[in-house]
2 protein chains.
Amino acid sequence: MGQKNNKRVTIYDLAKELNVSPSTVSRALKDHTSIGQETTKAVKALAKQRGYRPNVLASNLRNQHSNTIGVLVPWVNRPFISTLISGIEESAQRAGYNVLIAQTQDSYETEVTNTKALVDSRVQALIVSLAMETTDYSHFNDAVRQGTPVVFVDRVPMNYRGNQVMIDNYQTGYDATQYLIDRGRKRIALFSGSLKQKIYRDRYDGYVAALRNNGIPIDESLIGNSHRLSIEEGTALIAGMLKLSVPPDAVFSTNDSAAIGAMKYVKSVGKRIPEDVAFIGMNDDPMCTIITPNLTSMSHPAAEMGRLALRQALEIITQPDAETNTAITVRLNTKVVPRASS
Amino acid sequence: MGQKNNKRVTIYDLAKELNVSPSTVSRALKDHTSIGQETTKAVKALAKQRGYRPNVLASNLRNQHSNTIGVLVPWVNRPFISTLISGIEESAQRAGYNVLIAQTQDSYETEVTNTKALVDSRVQALIVSLAMETTDYSHFNDAVRQGTPVVFVDRVPMNYRGNQVMIDNYQTGYDATQYLIDRGRKRIALFSGSLKQKIYRDRYDGYVAALRNNGIPIDESLIGNSHRLSIEEGTALIAGMLKLSVPPDAVFSTNDSAAIGAMKYVKSVGKRIPEDVAFIGMNDDPMCTIITPNLTSMSHPAAEMGRLALRQALEIITQPDAETNTAITVRLNTKVVPRASS
DNA sequence: TTGTACGCGTTATCAT
DNA sequence: ATGATAACGCGTACAA
């Protein structure tokens, strides 16, 4: 595809050709007021003609930053996360920033490695959603210590008071559970992720509180833990619970995939949804309106969370004295998206 | 989260403290054979103790590259693309490369802008899937001319002979259509993307050839063009076609989303799938096994394509004389993934 | 308004 | 086995 020609034009080339100094070129190119109109115009014209492009590598070194935002997530190919990234990328692009992406594959070790790699790449800020098993956050402390601010999104650390964007997970868990209770359900199963993760812990707490406030006993056999909350794991969880002497009459799954896996199983054994088992999921992924019956879910504004996380990052970056900033926690409200499954 | 302390340790700091020269430190750090065991060990120990991290910005400038791969896609939050990216990222990580991501939002203008931005960022290679309306590829010629090799994946240019990874779209279109014909269908609708895009053009050609070889006339009213092949557009397309005096008895949709939109509509008006209208999609997205009945589709190895594209990029990068390389076209075969919808 | 000179941190070349 | 020096390209303090 075309000829290759690595000799890139520099400000020195332009300077020589115009018989001015490189600094004049440098200044003219960024519309420095102290450079004459004539000169500026001439420089720009030649730059365009010669196809001059600034060497970002040199500029980065000189300015000690990369104009890049790092994004570290468990997996990019999940509906919620890919939309989150889409929101981040769109905002970043508009603000003139690049986006460097890495996935942890939900592994703590990979998270540590990649955090270091991103910091080494001198990203100006790091937007992070934690790996499932992460309970030690010291690698992020290291990042901040080295001058890379961190904004957490969705899967945020326990007891964290720094910059973060999330939903109100406790309330979401409470509301989802209450929604099922309001529809007459008494034996409500919970599909949860690791309780070491704050988001799942909070949803669990909301679930327990809702049951308690309605005088419904907590039954441990109805609480299923799952590593990844995949479709397959959802199937496995419900299969186990349907064998109980008194099986659940409803399921609150803390993501949609596991709910859908369970629904598929329930349908396959001839039980009716929602009559025999009602379902409510979380995230409101597109698949909710594809399954039959459509899956009730809790809203989860992925793109918006991405935009907000990026905005926070930008604010930190542009603050001259990052030390004195007050950290911001954005906690978004969710609501039930009612559909036929409950 | 911890104290901030921007003063980063450099090889000069280490050199001074150890009473050696910076070059010795630099060499020791990368296990240069000419440095004594003792010295090397001492340097590494101190580096670790002082928390030394190389300044990638400086290294990049010196080496004239960024160790980064640029990825330019229409949207990151689509099942096929997010999985493609996942494959690229995983391989890149393993090879020690960063991944810079940008989306074109299927706009030609944005594609041009972002290509330039990525080239300016000195990515070492660009992996691109074209925007829907792109028919002029000169911005990629510019990229190559400036020394940034380009690998296309999935949505590749027309009549291109450079590096690219794709599926055999003609054969895929042919096989999908033949599959419906084999099941006795005569009036087979096609849901296509823009025919200016090679992938849709090839699928269209395959569709036409299959009909022709089976003596079935081409009916223009059964060929639907769609801008984004979204669920909504699928619904709209089938709604129009069902009004025909002789409506289609099958649909070949060139992606799964549009097929599913159409299936939802068909079910909503009380027609049966596959008895009244059979369906086959493309990509084999997860949603195929969520819809009822499950959607037959054509396989589309997204993660594998990502890995292959990255490998091609790496080969080009590591080739010393890129000029003389022969370009590689990888064309993967697909197969029908049969399910209940046809 | 423009030019000179230096530094950002690393690495490669050449010398010792 | 180690050191001195230059260079990558840009941006800016200081000088003119």
Side-chain angles (χ1 to χ4, degrees), chain A residues 6-44 46-47 50-68 119-124 146-148, chain B residues 6-44 46-47 50-68 96 119-124 146-148 320:
Chain A
N6 254 325
K7 273 233 289 296
R8 273 146 147 155
V9 183
T10 73
I11 53 172
Y12 286 95
D13 301 326
L14 301 179
K16 194 180 296 178
E17 195 163 347
L18 286 169
N19 280 315
V20 296
S21 78
S23 41
T24 301
V25 175
S26 170
R27 288 190 270 240
L29 254 15
K30 27 181 57 75
D31 286 313
H32 204 286
T33 52
S34 74
I35 301 293
Q37 307 254 325
E38 293 297 298
T39 319
T40 303
K41 220 163 61 180
V43 168
K44 286 193 172 176
L46 186 68
R50 292 275 173 276
Y52 168 78
R53 304 263 72 202
N55 186 326
V56 176
L57 268 31
S59 172
N60 283 351
L61 174 59
R62 174 66 229 228
N63 297 326
Q64 291 295 305
H65 69 240
S66 60
N67 248 92
T68 297
V119 169
D120 283 352
S121 296
R122 296 296 201 272
V123 296
Q124 293 196 247
Q146 287 172 63
T148 308
Chain B
N6 254 324
K7 274 234 286 298
R8 274 146 147 154
V9 182
T10 73
I11 55 172
Y12 284 95
D13 301 326
L14 301 179
K16 194 179 298 177
E17 195 164 347
L18 285 169
N19 280 317
V20 296
S21 80
S23 13
T24 301
V25 175
S26 172
R27 287 189 272 239
L29 254 15
K30 24 182 58 78
D31 286 312
H32 204 286
T33 51
S34 73
I35 300 294
Q37 308 253 325
E38 292 297 297
T39 317
T40 302
K41 221 163 61 182
V43 167
K44 285 192 171 175
L46 186 67
R50 291 276 174 276
Y52 168 79
R53 306 265 69 203
N55 186 328
V56 175
L57 268 32
S59 175
N60 284 351
L61 173 59
R62 174 65 230 225
N63 295 327
Q64 291 295 302
H65 67 240
S66 61
N67 248 91
T68 297
V119 169
D120 283 352
S121 297
R122 296 296 201 272
V123 295
Q124 293 196 248
Q146 288 171 62
T148 308

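Proteins get letters first, then strands, A, B, ... in listed order; numbering begins at 1 in each.
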Which atom pair, heavy atoms only, marks the closest approach of [X] to [Y]?
| X | Y | result |
| --- | --- | --- |
| A:T148 | A:V123 | CG2-O, 3.7 Å |
| A:D120 | B:R53 | OD2-NH1, 2.7 Å |
| A:K30 | A:S26 | CG-O, 3.1 Å |
| B:Y52 | B:L29 | CE2-CD2, 3.7 Å |

Proximity to the side chain of [X] - top-ranked nucleotide from [options]:
| X | options | result |
| --- | --- | --- |
| B:N63 | C:dT11, D:dG9, D:dG3 | C:dT11 |
| A:T39 | D:dC10, D:dA1, C:dT2 | C:dT2 |
| A:S23 | C:dG9, C:dA5, D:dC10 | C:dA5 |
| B:N55 | C:dT10, D:dG9, C:dG3 | C:dT10 |
| A:L61 | C:dG3, C:dC8, D:dC10 | C:dC8 |
| A:T10 | D:dG9, C:dG3, C:dC8 | D:dG9 |

Tell me the interatomic distance from [X], atom [atom1], to [N], atom [atom2], rounded to whole angstroms.
| X | N | atom1 | atom2 | value |
| --- | --- | --- | --- | --- |
| A:D120 | C:dG9 | CG | C1' | 14 Å |
| A:L14 | D:dG9 | CG | C1' | 12 Å |
| A:N67 | D:dC10 | CG | P | 16 Å |
| A:R122 | C:dC8 | CZ | P | 13 Å |
| A:Q64 | D:dT12 | CD | P | 13 Å |
| B:K41 | D:dA1 | NZ | P | 16 Å |
| A:R27 | D:dA13 | CZ | C1' | 9 Å |
| A:L57 | C:dT11 | CG | P | 13 Å |

Donor on one side chain, acceptor on other, A:T24 and A:S21, under 3.5 Å: yes
Distance below 4.0 Å between B:S21 side-chain N/O and D:dG3 OP1 or OP2: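 Yes, within the criterion.
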C:dG9 OP1/OP2 closer than 4.0 Å to side-chain N/O of B:Y52: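 Checking C:dG9 against B:Y52, no side-chain N or O comes under 4.0 Å of OP1 or OP2.
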Does any N or O donor sit under 3.5 Å from an N or O acceptor when you compare the side chain of [X] with the base of [N]?
| X | N | result |
| --- | --- | --- |
| A:R8 | D:dG9 | no |
| B:R53 | C:dT10 | no |
| B:R62 | C:dT10 | no |

Salt-bridge criterion met for B:K44 and B:D31 (N-O under 4.0 Å):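 Here B:K44 pairs with B:D31 in a salt bridge, since their nearest N and O are under 4.0 Å apart.
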At 4.0 Å (heavy atoms only), tell me whether [X] reaches a base, stays on the sugar-phosphate, or touches nothing.
| X | answer |
| --- | --- |
| B:S26 | base |
| A:P22 | nothing |
| B:S34 | base |

Which residue lies more 5' along DNA chain D, comparing B:I35 with B:A58 via nearest heavy atoms: B:I35
